[in-house]
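A note on names: the letters A, B, ... follow the listed sequences, proteins ahead of strands, and every chain is numbered from 1.
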Amino acid sequence: MPSFSVLKKRRDFVKLTKHGVSVATSSLVLQAAPRDLNEPTSHPRIGYTTTKKIGKAHTRNRCRRRLRAAAALFFDKYALPNFDYVLIARHTTAEVDFSVICRDLQYALQKINHRLMPEIADNATKNNSPADNSAD
RNA sequence: ACAGGCAGCCGGAUAGCUGCGUUGCGGAAGGGAAAAUCCGUCAAUGAGGAAAGUCCGGGCUUCAUGGAAACAGGACACCAGAUAACGUCUGGCUGGAGCAAUCCAAGGGAAAGUGCCACAGAAAAUUACCGCCGAAUUUUGUUCGGUAAGGUUGAAAAGGCGAGGUAAGAGCUCACCGCGGGGUUAGUAAUAACUCCGGCAAGGUAAACCCUGUUUGAAGCAAGACCAAAUUAGGAGGGCUUUGAUUUUUCAAAGUUACGGAGGCGUUUCCACCUCGCUCCAGAGGUAGGUCGCGAUGAGCAAAGCAGUGAUGUUUUGCCUAGAUGAAUAGCUAUCGUUUUCAGCCGUUGCAAAACGGCUUUGAAAAUACAGAACCCGGCUUACAGGCUGCCCGUAUCU
RNA sequence: GGAGAGUUGGCAGAGUGGUAAUGCAGCGGAUUGCUAAUCCGUCACGGUGAAUAAUCGUGCACAGGUUCGAGUCCUGUACUCUCCG
């Protein structure tokens, strides 16, 4: 039973690239950002990006599937509630061993959570009211 | 056996674990009912020969018009047929490539007209530089005429070759070949064969404009239809209604907003558009969302029979077979299959080195292609590891 | 998914079927005590060559075709960019 939903709107992707934090590994790139804090939903959301750079439609589909399979393994454990994540495929994603993708994703999730948690703490101390946070 | 040619087919398999879309069924909540929403140890089903490129042809939808046509522009072009249609396909003709099977060809018109043919060359299309010949003048020559055989240039220079003929030459004449026209025969036709005549017409380019014939409205599922939500508060104008003045026309005030107006296919004009319930200006908001279109009736798929040289048509029987929308149809593991290479073993030739062939339940390593439906069909083009089947041709050997 | 435009030296950018312009950058030389500016030359790739002389071949994204001859005309392929109210 998946405990996360899927990002679909272009607006959300753009917001992530503007305001989010990103971690790059050899096989994938992970972006993450907190959602609006006044919304009560708690599930993390995840999106997948495969650009035209990495190949034609067949290879892009394959990359997306492999990323989705890896995400299904690890997001239950590591993903934080009220956060949006985006996985971006790279040139190597279709070719490399699946174990490498799993290792990279695990590493990236741990690192990005480590970098995001203090940011939230800072925000909470500076701006107590969530209305000010959303106005930025 | 080797080397080719053509046509067609396949394009990984099995098991396990974890998952996805759609449809059906069941359940939950919800409601007058339905739809939408969520759930399921439920069931069924789930990519291709090219799904690709978007190069052609259709279906379908909208726009314009009473219905059409014309012009411009585009496309096509040997003949006959197939087809819903086509620039596709089939059969034939002609020309070219190959020993052959077979393959390739935008393959109408240059005698309707216009343009172009750089450089070189006398001359690139009614031409004459050198040369050859004759005459005049009178003498290393000059002028006039004839000639297109010879020379140089160039991609291309006015039928080819031989003989006659001539001052020199020339289809000027003749034979053969080529070319053009007529006739006969064969064929639906393109065309072919035979025969007679003409003396030869004035180069190339139409993938330059063009001519002739045939054909063509435009845009595309982000087409288009419906549903729901959100916002005016201003000015000008028009229409209608009521009231007042007035014989009517008309004028003023208040209210109201469709039955009115506008719309222009490539041809006229303009440059964001839509909504805010007439139009324009100003202003504000928006370019989000959902359902249908959308797949079980279709130029549908499979098999067999019949007609036809064939494309194809037709009859019978059976089948219903993806429907997503940040986009499902999978991810991983194991075993097997296929191919290649290396090692190993066996056989043949050989003194040997080595070469060739075979074996894989003897093993190892590597590879396992091109590539993902997006409204749907018919083609074309391009990409593609490897494998299978059938037929045909050539060479060598044997019978 | 659909519609359309383009590709020429290191960069920009012309080019009626007939010798691949021009500018910037780079390199060499002149000028100067030195530099800048200015002037002159060179500047796609490869071969022969002692040579930056000379000469030959290949070059306009790639591959075919038409033509005596294609950067240009026609067909196919690859890549890049733009638009979809």
Beyond-backbone contact of [X] with [Y], side-chain heavy atoms, under 4.5 angstrom:
X       : Y        : result
A:Ser22 : A:Leu30  : no
A:Asn61 : A:Arg64  : yes
A:Gln31 : A:Val21  : no
A:Val23 : A:Arg115 : yes

For the [atom1] atoms, the ones on [N] and on [M], what distance do you get once it is rounded to whole angstrom?
N      : M      : atom1 : result
B:U114 : B:G203 : P     : 14 Å
B:G16  : B:G48  : C1'   : 29 Å
B:A123 : C:U8   : C1'   : 39 Å
B:U166 : B:C133 : C1'   : 10 Å
C:G17  : C:G71  : P     : 13 Å
B:A371 : B:A51  : C1'   : 9 Å
B:A208 : B:A163 : C1'   : 47 Å
B:A328 : B:A374 : C1'   : 12 Å

Inset, instruction - Just call it for A:Ser99: base, sugar-phosphate, or nothing, with non-hydrogen atoms closer than 4.0 Å on any strand. - result: nothing
To the nearest Å, give me how far apart [atom1] ([X]) and [atom2] ([N]) are.
X       : N      : atom1 : atom2 : answer
A:Phe98 : B:G19  : CZ    : P     : 13 Å
A:Phe74 : B:U18  : CZ    : P     : 17 Å
A:Leu67 : B:A327 : CG    : P     : 12 Å
A:Asp97 : B:G331 : CG    : P     : 14 Å
A:Leu73 : B:C332 : CG    : C1'   : 9 Å

Considering Watson-Crick and G-U wobble pairs with both distances under 3.5 Å, what does [N] pair with?
N      : result
B:U247 : none
B:C132 : B:G146
B:C6   : B:G390
B:A52  : B:U381
B:G266 : B:C71
B:G121 : none
B:A218 : B:U62
B:G295 : none

Inset, instruction - Is it possible for you to check whether A:Arg66 lies under 6.0 Å from the centre of the six-membered ring of A:Phe98, through NZ or CZ, and within 45° of that ring's axis? - result: no
Legend entry - Residues within residues 58-65 of chain A bordering RNA chain B, heavy-atom distance below 4.0 Å: A:His58, A:Asn61, A:Arg62, A:Arg64, A:Arg65
Inset, instruction - Apply the side-chain contact (heavy atoms from CB on, under 4.5 Å) test between A:Ser27 and each candidate in A:Leu105, A:Asp104, A:Asp97; give the one that qualifies. - result: A:Asp104
Legend entry - Residue that, paired with A:Cys63, satisfies side-chain contact (heavy atoms from CB on, under 4.5 Å) out of A:Ile88, A:Thr49, A:Leu28, A:Thr50: A:Thr50
Taking syn as within 90° of 0 and anti otherwise, name the glycosidic form of [N].
N      : result
B:G295 : syn
B:G260 : anti
B:U297 : syn
B:A47  : syn

Inset, instruction - Name the residue closer to the 5' end of RNA chain B, choosing between A:Ala69 and A:Ala57 according to the nucleotide with the nearest heavy atom. - result: A:Ala69
Inset, instruction - Identify, between A:Val96 and A:Thr50, the residue whose nearest nucleotide on RNA chain B lies closer to the 5' end. - result: A:Thr50
Legend entry - Among B:G331, B:G372, B:A327, the one nearest A:Arg68 by side-chain distance: B:A327
Inset, instruction - Return yes if some donor-acceptor pair links the side-chain N/O of A:Arg68 with the main-chain N/O of A:Tyr48 below 3.5 Å, else return no. - result: no
Inset, instruction - Mind listing the closest non-hydrogen atom pair of A:Ala24 and A:Arg90 along with its distance? - result: CB-NH1, 4.3 Å
Legend entry - Range-with-range stems for RNA chain C, at least three Watson-Crick or G-U pairs under 3.5 Å: C:1-7 with C:78-84, C:10-12 with C:22-24, C:26-30 with C:38-42, C:44-48 with C:54-58, C:61-65 with C:73-77
Inset, instruction - May I have the step-by-step check of side chain to side chain contact (heavy atoms under 4.5 Å, CB included) for A:Ile46 and A:Leu87, ending in yes or no? - result: CA-CA 8 Å; A:Ile46 181 165; A:Leu87 280 169; 3.9 Å; yes
Legend entry - Nearest-0.5 Å distance that lies between atom CG in A:Asn113 and atom OH in A:Tyr85: 4.0 Å
